[in-house]
Amino acid sequence: MRRFIIRRLLQSLLLVWAIMSLTFLLVNIAPGGPEVVLTQNPKLTREQVEAIRVSYGLDKPLYEQYVTWMSRIAVFDFGRSYTNPRPASQLVVERISATAQLGLASYLIGMLGIPLGIYAARRRGKLGDNVVRVITVIGSCMPVWWISLMVIIILANTVKWFPQGEGTGGIGPWFLHLMIPAALLSTGVLISFTRFVRAETLEVLSQDYVRTAVAKGLPGKEVNRWHVFRNSLIPVVTLLGYLLPALVSGAIITEQIFQWPGMGRLFFQAASSRDMPVLLCILYIGTILTVIGTLLADIGYGLVDPRVRYD
Amino acid sequence: MAPLLEVKNLQTQFKSKDGVVKAVDDVSFHIDRGETLGVVGESGSGKSVTAMSILRLVQHPGKIVGGQVLFEGRDLLKLNENEMRKVRGKEIAMIFQDPMTSLNPVLTVGRQLSEPLVTHMGLTRDQALKESVDLLKMVGIPNAAERIKNYPHHFSGGMRQRVMIAMALACRPKLVIADEPTTALDVTIQAQILELLEKLQAETGTSVMIITHALGVVAGMADRINVMYAGHIVETASSDELFENPRHPYTMGLLKSIPRLDEARKGRLVPIQGSPPDLLDLPKGCPFVSRCEYAHPESETILPQLRQVPSVSDGNRSEHWIACHSEVKMGDPPKRAAQEVA
Ligand SMILES: Nc1ncnc2c1ncn2[C@@H]1O[C@H](COP(=O)(O)OP(=O)(O)OP(=O)(O)O)[C@@H](O)[C@H]1O
Ligand SMILES: [Mg+2]
């Protein structure tokens, strides 16, 4: 187990390195290079453009830039923002807490899909199951930004209010301002969990070992807990890990719509102004989160399924 | 003395879009205490559904629509779910066909063996685990104290079936139903498992209902044999009688299709012609009629009921029943060639 984790950590490092290298390459082969936003002002003279390039180290040969850049991001230094005199990493770090709150809240809401899926499976073909299925299908057909806008329109027209930014002044407003965007951000995860758990549970219910458990005369609760859910929730552990980064990518839109002061909104702004250091910093965090999610998924899988072997 | 189990006019059906499948249709039989009953028949003849009906394990869309299952005089079909739970695993236990899929992959073998002991015998987990070690020893698994900590995937197919047998016997049930317990195993292992079952039955005195599609499997083991065809029992007799004096053409066909060591029989092995009828579209008369070499004129239109015939092997001490209009014996010349079933 320990060797497995160490090996996977090393693999993950390699993966992060590869992704970041590829990103570096893409940014630099883009027309105009990374500095296009700084140099496209027509009023700038040749000398001024050159001075800017020197100050950001963009005049050096590409491989040299690559080595410098890589050694810097290893210590989480992405250089100065193009639109703000402060370091990009500092700008991003300030926003992490807000995004983490939103992500965590929506993750927890999303996990309600587990009991929902179990419920639907146990009531297969009955009214409750059909309601859940219709809602998940409709839900997965509507993009989150569209649902969000609808919610805002409805709220603005009925209670003349909708959450904007972080709630200030006590726990109540904080909660409301957090929960509405979090609930909307969670729809994708919630739906994935519900459908996945429902399908898994139905699959397990038809397994021979469930029949064995019933034939042994075990009480229904015992059969469900140890023979059905204990098996149907194994793949869910994997899903928990894989869906982790989806919350950050999803946050880009949700944060923009609700003016939530997190990384996602910063990413949106940085993308509009082509603020490369900031973009790359957020991308880096997203990459690491993806890798961690995958790693957690694999480790978790091994913990809940005795058939997994670490070699 | 009343038999341990008496099944009367059992009817179990599956409803589907295309119609109603009468998987078990008006089946009656009994099992005495300490007796081994073999149930034989082709695939789809309703053996498993009969067994599952006894324990009320038939799942949707299947439904028991009629009959009685009297166990020690109580009709199991009338019990509520809670009372039924106390019968399952405690009074009547079941061993399933495929040991590879019949054990929960994520619980240790010890844990799975313990469950019925905790549920039915009121043991604590620790006591039950200790008992599980003895159960594993009983079915001949070496190193039992260590093995209870293993998961099913650490066991071979034959070993898993031993675990299933141990689990079935855990609460000393009065009846063990084994549904094709050896079909999924290697031939060499098959013999070992049957031997084990026989030995344990002798030791515990439990009754056994053993289901198989191969007559050879139960030949030496069963006291009596039910032959099933298309949801009906078509012949029932003591084991010796059935082999010596089969009276239903289907049973004769089964016997002709298996190799026998005890008798220098002339001629080759002959498979039964044709295939079983579509249960959705059963003929009005005898379901075997289209494959029968001895079909009686009435067979086309009238469903034969079980009737008693003389038992020659033991001078009528045991009962011998067949559901056939014809009076034929093994070796009689065929009245007609079996129709080719399109
Ligand atoms: N889940 C089900 N849905 C619909 N029909 C079923 C179902 N299970 C069984 N049947 C029907 O019941 C009939 C009898 O099935 P059963 O499993 O008892 O056969 P069997 O004699 O045990 O055969 P085998 O030797 O293949 O195990 C089948 O032919 C099938 O048509
Ligand atoms: Mg069967």
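When reading the values below, keep in mind they use all heavy atoms of this one structure, side chains included, and skip hydrogens, waters and symmetry mates.
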### Query
Between L57(B) and chain A, which part of the residue has a heavy atom less than 4.5 Å away: side chain, backbone, both or neither?
side chain
### Task
Please check if atom OH in Y242(A) has more than 12 non-hydrogen atoms from other residues, nucleotides or ligands closer than 6.0 Å.
yes
### Query
So which part of V204(A) gets closer than 4.5 Å to some heavy atom of chain B, the side chain, the backbone, both or neither?
neither
### Task
Below 4.5 Å from any heavy atom of chain A, which atoms of M100(B) appear? Answer side chain, backbone, both or neither.
neither
### Query
Is chain A contacted by the side chain of M164(B), its backbone, both, or neither, given a heavy-atom distance below 4.5 Å?
side chain
#### Entry: Where P306(A) and P105(B) come nearest, the two heavy atoms and their spacing
CG-O, 3.5 Å
Let me see the donor-acceptor pairs closer than 3.5 Å between chain A and chain B, or none if nothing turns up.
unit_1: D208(A); atom_1: OD2; unit_2: T101(B); atom_2: OG1; d: 2.5
unit_1: Y209(A); atom_1: N; unit_2: T101(B); atom_2: O; d: 3.2
unit_1: T212(A); atom_1: OG1; unit_2: S102(B); atom_2: O; d: 2.7
unit_1: A215(A); atom_1: O; unit_2: G89(B); atom_2: N; d: 3.2
unit_1: K216(A); atom_1: O; unit_2: H120(B); atom_2: NE2; d: 2.7
unit_1: K216(A); atom_1: NZ; unit_2: Q112(B); atom_2: O; d: 2.9
unit_1: K216(A); atom_1: NZ; unit_2: E115(B); atom_2: OE1; d: 2.8
unit_1: W226(A); atom_1: O; unit_2: N104(B); atom_2: ND2; d: 3.0
unit_1: H227(A); atom_1: ND1; unit_2: N104(B); atom_2: ND2; d: 3.0
unit_1: H227(A); atom_1: NE2; unit_2: E115(B); atom_2: OE1; d: 3.1
unit_1: H227(A); atom_1: NE2; unit_2: E115(B); atom_2: OE2; d: 2.9
unit_1: N231(A); atom_1: ND2; unit_2: N104(B); atom_2: OD1; d: 2.9

